[in-house]
Amino acid sequence: MHELDLKALGVTAINQKLYHIPKDTNERHWVIRNPMGQHAIACGVDAPLLIDIMGHVGFYCGGMNKEAEITIHGHAGVGVAENMMSGIVWVKGNASESAGATANGGLLVIEGDASSRCGISMKGVDIVVGGSVGHMSAFMAQRGNLVVCGDAGEALGDSIYEARLYVKGRADNLGSDCIEKEMREEHLEDLAKLLDRAKMKHRPQDFRRYGSARKLYNFNVDHADAY
Amino acid sequence: MDTNVPRTPPRKSATFDDYTLAEIRRAASTGIYDIRGAGTKRKVPHFDDLLFLGASISRYPLEGYREKCGTDVVLGSRFAKKPLELKIPITIAGMSFGSLSAQAKEALGRGASAAGTSTTTGDGGMTPEERGQSRHLVYQYLPSRYGMNPDDLRKADAIEVVVGQGAKPGGGGMLLGQKISDRVAQMRCLPKGIDQRSACRHPDWTGPDDLEIKIHELREITSWEKPIYVKVGGTRPYYDVALAVKAGADVVVLDGMQGGTAATQDVFIEHVGLPTLACLRPAVKALQDLGMHRKVQLIISGGIRSGADVAKALALGADAVAIGTAALVALGDNDPIHEEEYRKLGTTAGAYDDWHEGRDPAGITTQDPVLAARLDPVKAGRRLSNYLKVMTLEAQTVARACGKSHLHNLEPEDLCALTVEAAAMAQVPLAGTSWIPGRGGY
Ligand SMILES: Cc1cc2nc3c(=O)[nH]c(=O)nc-3n(C[C@H](O)[C@H](O)[C@H](O)COP(=O)(O)O)c2cc1C
């Protein structure tokens, strides 16, 4: 385990350190102290490192992550794990807006709540939120899974494409073209795996599934009032 | 009826002209607004309304062909460790793979590289063809983030954060299902054959304070090496340029309403945004007020067609221009050679703008493999580099006539305007007078 003090080094020096760790090293575990809510911490990492960030982070922590397993021992600002490609970003606290925005792959776990636009334009990531998500979550969500163990805010899944949404609590207000869908065996299995990976103790049977009605896929004037 | 009574000839309404009537009928029968490619078709004040004064007794010219007139430009010198060093101040604007065929993207890369300039990706990600053929490649960072990934970000020579486009400031995009081939669908992580909307706002930032943080993230990921551009549509150029500078941009790209698009509602193209000419002076003023003129470079686009346009844009304070439509025409778009096929599509060469439908006879705005194969990227690239060289020679000709040893030495004092409107927008005197509308209280 190696320690990096952000207060002493600054964000750029820490990111540069993480970018230049040799591929074949066994120095895999890095601990970042004093993150002080700074932005862009551990974004763009491209290696199978274990990174523990000991405190709160600002915007875009773990942005574009590839392969690294990043744990934030605090709350995360806007766009945590935005455009993640692979690996894991794990937030012990709450996350602000646009968590996991446009992310292509990997796993984002938020143990607390996530604010609005969680999973916006997601392109293949799996997101598991222990608490609730805010309005416009999964807006234009293309692919991947969003699991919400609490409630979902207004306009869930607005203009959604092929992403799958699972909500345990209330999802009273669905966005355009988002509908409740049948929970089949395969979905229960997928959901069980996701909950397991996120270490969340919930029964898949207690969730409901939402997805696209696919009515807005090709423009039709008779659906114009849905926009 | 008494044929001796003088009759007024049939008179059509100026308000309800033939075009308007046809559009009402089209809307009534289809129930959908008109979507099309290209830029505004109405006439707006433009660079044509300006003239160069040339040398005289008080200014002496440079000898054509003998005395040097520099054309190079450095883009991104503010913060980037590796700014772009281009031989000419004419760049190729962002046009997406998806809206354009892979062959067209490759041709743009080839032509630009041969002429020593940059080309730009678009709303759909980076293809190996264009990266491979582009000496300088600018990678667009758009609200849709289609195809966005850190590897391509690091392969790029510069990054352009797209806030807006001149053809549709405040609008998102739409690639209709018929242009979604397997490859386009795969790059965008969406099913084949469905309409793909591109959001109009970025998913993870809103406003100038967030933009600053976003730019910081992009700089971190690319180790502060690459220039970061911010592209805006022409709406409030003074404030947008100032805010982009404040957010940390190295380069501002400003696209006026003549700017082309791959597919946008006609009502948007024709009725939203400022003409390119009206954007330029407020943008330069913003840079000057911040002490950033020539430190943060300004690229202007929207209806640039010739070396004269380039010279005028630079004289008004731009550092470089970008071209979209003209580059496509150089590749072979709207060539009368395909007239028979344009007729079958219900149009004519020079007016073909259904670029969203993917049936382009020239093989440029299509994903149909048979049509796309018509465009030879090597030959088309050669045509583009010829055209870029001609534009550069034209701009140099004008600059030498004004006594300038570099295109960037051109200045507003070299220009006059043919119309009051152009004089007001460009802030140069009306031809034959010393009157600049708005100056000195008039
Ligand atoms: C076919 C086509 C596709 C375009 N795609 C994009 C795009 O993906 N992103 C973008 O910022 N601008 C796009 N544009 C706009 C151009 O980048 C540029 O702003 C415009 O074409 C400049 O005006 P001009 O066509 O008059 O030269 C596109 C334009 C065309 C013609």
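What you see is a predicted model, and the numbers here were worked out from it, not measured in a lab. Naming convention: chains lettered A, B, ... in sequence-line order (proteins, then strands); numbering from 1 in each chain.
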- Message: One thing to verify: whether R36(B) and D266(B) come together as a salt bridge, which I'm taking to mean a side-chain N less than 4.0 angstrom from a carboxylate O.
- Response: yes
- With chain B as the partner chain, list the residues of residues 82-93 of chain A whose heavy atoms fall under 4.5 Å from it, by residue number, and write 'none' if nothing qualifies. E82(A), N83(A), M85(A)
- Message: Using a 3.5 Å distance criterion without hydrogens, assess whether the side chain of R164(A) forms a donor-acceptor pair with backbone atoms of V147(A).
- Response: no
- State, with a plain yes or no, whether a side-chain heavy atom of D354(B) is found less than 4.5 Å away from one of T347(B). no
- Considering only heavy atoms, which portion of T102(A) lies under 4.5 Å from any heavy atom of chain B: side chain, backbone, both, or neither? side chain
- Could you walk me through whether K231(B) and D240(B) pass the salt bridge (charged side-chain N to carboxylate O under 4.0 Å, His left out) check? CA-CA 10 Å; K231(B) 176 175 180 176; D240(B) 284 340; over 6 Å; no
- Task: Apply salt bridge (charged side-chain N to carboxylate O under 4.0 Å, His left out) to K192(B) and D182(B), showing your working.
- Result: CA-CA 6 Å; K192(B) 197 182 163 184; D182(B) 284 327; 3.6 Å; yes
- Message: So, taking the atom named CZ in R209(A) and the one named CG in N145(A), what distance separates them when rounded to the nearest 0.5 Å?
- Response: 10.0 Å
- Note on the structure: So, the part of D46(A) with a heavy atom under 4.5 Å from chain B: the answer is side chain
- Query: Would you call E217(B) and H39(A) a side-chain contact if the rule is heavy atoms closer than 4.5 Å?
  - Reply: no
- Go through the atoms of M140(A) and report whether side chain, backbone, both or neither lie under 4.5 Å from a heavy atom of chain B. side chain
- Message: Between W30(A) and V45(A), is there a side-chain heavy-atom distance shorter than 4.5 Å?
- Response: no
- Could you please state which residues from residues 109-132 of chain A sit under 4.5 angstrom from chain B, measuring non-hydrogen atom to non-hydrogen atom, sorted by number, or 'none'? R117(A), I120(A), K123(A)
- Query: Taking atom types as modelled, is there a side-chain donor on E220(B) or T12(A) under 3.5 Å from an acceptor on the other?
  - Reply: yes
- chain B heavy atoms under 4.5 Å from Q16(A): which part of the residue, side chain, backbone, both or neither? side chain
- Query: Heavy atoms under 4.5 Å from chain B: which residues of residues 51-59 of chain A carry them?
  - Reply: F59(A)
- Student check: side-chain heavy atoms of K17(A) and I14(A) closer than 4.5 Å: no
- Item | I213(B) side chain near V78(A) side chain, heavy-atom distance below 4.5 Å | no
- Item | Qualifying residue for side chain to side chain contact (heavy atoms under 4.5 Å, CB included) with I159(B), from I221(B), V138(B), T222(B) | T222(B)
- Task: Sort R154(B) into side chain, backbone, both or neither according to what part of it lies under 4.5 angstrom from a heavy atom of chain A.
- Result: side chain
- Residues of residues 202-210 of chain B within contact distance of chain A, non-hydrogen under 4.5 Å: H202(B), P203(B), D204(B), W205(B), T206(B), D210(B)
- Under 4.5 Å between any side-chain heavy atoms of F79(B) and K226(B), yes or no? no
- Mind checking whether D360(B) and Y352(B) have side chains closer than 4.5 Å, heavy atoms only? yes
- Side-chain donor or acceptor of S223(B) paired with backbone N/O of E225(B) under 3.5 Å: no
- Query: About how many Å separate SG of C178(A) and NZ of K215(A), when rounded to the nearest 0.5 Å?
  - Reply: 12.0 Å
- Message: Using heavy-atom distances under 4.5 Å, tell me whether S144(B) contacts chain A through its side chain, its backbone, both, or neither.
- Response: backbone
- Does the side chain of S96(B) reach to within under 4.5 Å of the side chain of R188(B), using non-hydrogen atoms? yes
- Item | R131(B) side, atom CZ; L137(B) side, atom CG - distance, nearest 0.5 Å | 4.5 Å
- Please answer whether the main-chain N or O of S176(A) pairs with a side-chain N or O of D158(A) as donor and acceptor at a distance below 3.5 Å. yes
- What option among D151(B), N149(B), D195(B) has the most heavy-atom pairs under 4.5 Å with chain A? D195(B)
- Item | Part of Y60(A) within contact of chain B (heavy atom distance under 4.5 Å) | both
- In terms of side-chain heavy atoms, does Y141(B) have a donor or acceptor partner in K214(B) at a distance below 3.5 Å? yes
